[in-house]
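Given the structure is predicted, the values throughout are model-derived calculations rather than measurements. Below, read A as the first sequence line, B as the second, and so on, with proteins coming before strands; counting in each chain starts at 1.
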Amino acid sequence: MDVEEIISRLKKLYPKGYFHINRDPYYLLISTVLSQRTRDEVTIPTTQKLFSVFDTPQKMASADVDEIRELIREVGFYNVKAQRLIEISRVLLDEYDGIVPDDIDELVKLPGVGRKTANCVLTYAFDKDAIAVDTHVHRISNRMGLVETDTPEETEIELEKVVDKEMWKDINGLMVLFGKSICRPVSPKCDVCIMNDICPKLI
DNA sequence: AAAACGGGGGC
DNA sequence: GCCCCAGTTTT
């Protein structure tokens, strides 16, 4: 399977890539945590609403957890997420001088931040070379025969072997857009898919 | 390895 | 009314 061809086609299909309203590291970190297992149509306005009140680690760290909880209710998992946002902000202040670290090993130490979230921050906020593997990237990479893996962690490792480093940061956004519109989890739109001629169609 | 966290939208 | 969604932590 020609990885470069796949990414090249996705870039043509989505020339503007994935749109982010704000690439500030703290904003992106918080919005990405809020987006876990949640549609971004919901996450985007909720994050803006939250930041209209608490827009810095200093403000968030001393916020009332009940107020955060109500502000983010629509994204779901609001109880644990509200506590994590406050705890993340406190750790940033205590351990990192209020600055979001640009290192994977430091980011994953933050509560509620796993490899997917950390790699999103690295690629979108810091423009670093990393692959953020979510369910879309995991599913599509396997469907198209780029890798054969059981877990996102495994997929990240295998993708790094078969994709040029300069393309790593593009994978997540492109495959998310592709995965939501065409290569969906169930009933993918293979009949209108631009990968039709090169896809193994292992569905 | 499996459960738990969850409101909102699609069907 | 049922099922799924830019995951991560806990049991």
Q. Which ring pair (Phe, Tyr, Trp, His ring centres under 6.0 Å) pairs, counting each pair once, include a residue from residues 57-103 of chain A, with sequence neighbours left out?
A. none
Q) How far, in whole Å, is C:dA6 from B:dC11 if one measures between their P atoms? A) 14 Å
Q: If a pair satisfies ring pair (Phe, Tyr, Trp, His ring centres under 6.0 Å) and one of its residues is in residues 48-67 of chain A, list it, with sequence neighbours excluded.
A: A:Y26-A:F51, A:Y27-A:F51
Q) To the nearest 0.5 Å, how far apart are CG in A:L93 and OG1 in A:T56? A) 8.0 Å
(Q) Testing the 3.5 Å rule here: is there a donor-acceptor pair between the side chains of A:T123 and A:Y18? (A) no
Q: Report, as a single string ordered 5' to 3', how protein heavy atoms within less than 4.0 Å touch nucleotides 3-11 of chain C: B base, S sugar-phosphate only, - not at all.
A: -BBBBSS--
Q) C:dT8 and B:dG8: how far apart are their P atoms, nearest whole angstrom? A) 23 Å
Q.
Show every ring pair (Phe, Tyr, Trp, His ring centres under 6.0 Å) that has at least one partner inside residues 154-181 of chain A, sequence neighbours left out.
A. none
Q.
Reading DNA chain B in the 5' to 3' direction, which nucleotide is the first one with an atom under 4.0 Å from a heavy atom of chain A, and which is the last?
A. B:dC5 to B:dG8
Q: State, yes or no, whether a side-chain contact exists between A:L107 and A:V100 at a heavy-atom distance under 4.5 Å.
A: yes
(Q) For DNA chain B, report each stem as range with range, ordered by first number, or say none. Use Watson-Crick or G-U wobble pairs under 3.5 Å, at least 3 in a row. (A) B:1-5 with C:7-11, B:7-11 with C:1-5
Q | Whole-angstrom distance between C:dC5 and B:dA1, as gauged at atom C1' | A | 22 Å
Q) In terms of side-chain heavy atoms, does A:E158 have a donor or acceptor partner in A:T149 at a distance below 3.5 Å? A) no
**Q.** pair A:D129-A:K169: side-chain heavy atoms closer than 4.5 Å
**A.** yes
Q) Does A:R84 come within less than 4.0 Å of A:E87, counting only side-chain N to carboxylate O? A) no
Q. What distance, rounded to whole Å, do you find between the two P atoms, one in B:dG6 and one in C:dG1?
A. 23 Å
**Q.** Pairwise distance NE2(A:H136) to CZ(A:R143) - rounded to 0.5 angstrom
**A.** 10.5 Å
